[in-house]
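The next block holds one structure in the form of structure tokens; read it before the comments.
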Amino acid sequence: MGDDRERAWQDAALAVLGLFLPVACVGCGTPDRALCRACRSVLDARGRRVRLVAGVRLDAAFEYEGLVRTLLLELKLRGRVDLSRHLGVRLGALVRTALAESPPGTVLLRVPPSRRGARRRGFDPVVVLLARGGVRRPRSLQRVRSPDGVTPHAAGAGQKERTAVERVAATVGTLRAVRVAGRDVVLVDDVVTTGVTMAEAVRAVHAAGGRVVRCVAVASVDG
Ligand SMILES: [Zn+2]
């Protein structure tokens with residue numbers, strides 16, 4: 001009840017602000033606010049997705065399509081951190097569930113952004129989303145530089161132009177896990193498309209003597 005009243009008050013405050021700072025909903029274009037109430041309830045009604053990546057269960061808060069895809073692209077490409085709350089809250093809930101269902105002492109590790117992405121944005125979308133979901137300062141896997149200073153992952157063509165085999169070959173060895181020997185690990189990333197990057201994260205944890213008990217993502221491309 002108190003929560004409803006607070007939300008109603010926030011809506012009213014934002015409606016007043018909207019008079020001075022008119023914005024359109026990214027979901028439907030309604031000249032209202034960044035994400036209108038109708039679009040928010042569409043998001044809230046969407047169920048979690050479950051699939052396997054490298055033999056590990058992946059829980060994704062959403063399928064990567066439509067409004068979810070738009071929100072993530074606005075966050076990642078345009079720095080719209082104001083849109084991260086609804087996705088972040090769902091991600092945080094999934095992470096907490098994953099940790100609660102895992103053995104005590106399970107470590108949460110995030111998949112780091114590509115060096116290029118991190119440089120361009122100046123922020124890590126996974127960290128922003130987790131913070132919105134109440135998960136602070138998750139430890140990160142490390143990106144590994146090849147001897148010439150270029151990450152193998154960033155070299156050459158983009159992921160889409162490559163065959164699956166080329167993608168896997170270019171990704172193996174790009175991540176490293178530390179301080180996970182003998183530990184259970186939950187991995188978290190923003191979007192899982194082909195699953196190649198998440199599979200590399202699983203490989204890196206296993207190579208360091210850890211065990212991945214679950215993967216979590218905001219959104220997944222369902223095959
Ligand atoms: Zn809308």
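When the salt bridge (charged side-chain N to carboxylate O under 4.0 Å, His left out) test is applied to Arg176, no partner is found at least two apart in sequence or on another chain. Residues passing the side-chain hydrogen bond (donor to acceptor under 3.5 Å, both in side chains) test with Arg183, sequence neighbours excluded: none. Not counting sequence neighbours, the partners of Val42 by the side chain to side chain contact (heavy atoms under 4.5 Å, CB included) test are Arg46. In this structure, Arg96 has no side-chain hydrogen bond (donor to acceptor under 3.5 Å, both in side chains) partners at least two apart in sequence or on a different chain. By the side-chain hydrogen bond (donor to acceptor under 3.5 Å, both in side chains) test, Arg211 is found to be paired with Asp184, residues two or more places apart in sequence or in another chain being considered. Judged as a side-chain hydrogen bond (donor to acceptor under 3.5 Å, both in side chains), and not counting sequence neighbours, Arg179 has no contacts.
Listed by first then second residue, pairs satisfying salt bridge (charged side-chain N to carboxylate O under 4.0 Å, His left out) with a partner in residues 187-206 read Lys76-Asp190, Glu200-Arg203, not counting sequence neighbours. Sequence neighbours left out, the pairs with a member in residues 123-139 that pass salt bridge (charged side-chain N to carboxylate O under 4.0 Å, His left out) are Arg110-Asp124.
Side-chain contact between Leu75 and Asp82: absent, with no pair of heavy atoms (C-beta onward) separated by less than 4.5 Å. Between Leu130 and Val126 the shortest side-chain heavy-atom distance falls below 4.5 Å. The side-chain heavy atoms of Leu71 and Leu43, taken from C-beta on, include a pair separated by under 4.5 Å. Counting heavy atoms from C-beta outward, Val186 and Ser102 have side chains that approach closer than 4.5 Å.
Salt-bridge annotation for Arg69 and Glu65: absent, with no side-chain N of the basic residue lying under 4.0 Å from a carboxylate O of the acidic one.
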Could you walk me through whether Phe62 and Arg49 satisfy the side-chain contact (heavy atoms from CB on, under 4.5 Å) test, starting with their C-alpha distance in whole Å, then the side-chain angles of each, then the deciding distance to 0.1 Å, before giving a yes or no? CA-CA 6 Å; Phe62 301 98; Arg49 324 289 299 190; 5.6 Å; no
Does Val218 form a side-chain contact (heavy atoms from CB on, under 4.5 Å) with Arg90? I'd like the steps, not just the answer. CA-CA 8 Å; Val218 180; Arg90 286 278 290 267; over 6 Å; no
Check the pair Ser220 / Asp222 against side chain to side chain donor-acceptor pair (under 3.5 Å), numbers first and verdict last. CA-CA 6 Å; Ser220 159; Asp222 293 358; 3.1 Å; yes
Arg167 and Thr194: CA distance, side-chain angles, deciding distance, side-chain contact (heavy atoms from CB on, under 4.5 Å) verdict: CA-CA 9 Å; Arg167 276 201 303 270; Thr194 60; 3.5 Å; yes
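Within the hydrophobic cluster formed by Ile, Leu, Val, Met, Phe, Trp and Tyr side chains joined at under 4.5 Å, directly or through other members, Val53 is accompanied by Val56, Leu58, Val107, Leu109, Val111, Leu141, Leu175, Val180, Val185, Leu187, Val192, Met198, Val202, Val205, Val212. Other residues sharing a hydrophobic cluster with Leu52 under the 4.5 Å side-chain heavy-atom criterion for ILVMFWY residues do not exist; the residue is a singleton. Other residues sharing the hydrophobic cluster of Val89, ordered by chain and number and joined by side-chain separations under 4.5 Å: none, the residue standing alone.
Cluster membership for Val50 and Val188, using ILVMFWY side-chain heavy atoms within less than 4.5 angstrom, is not shared.
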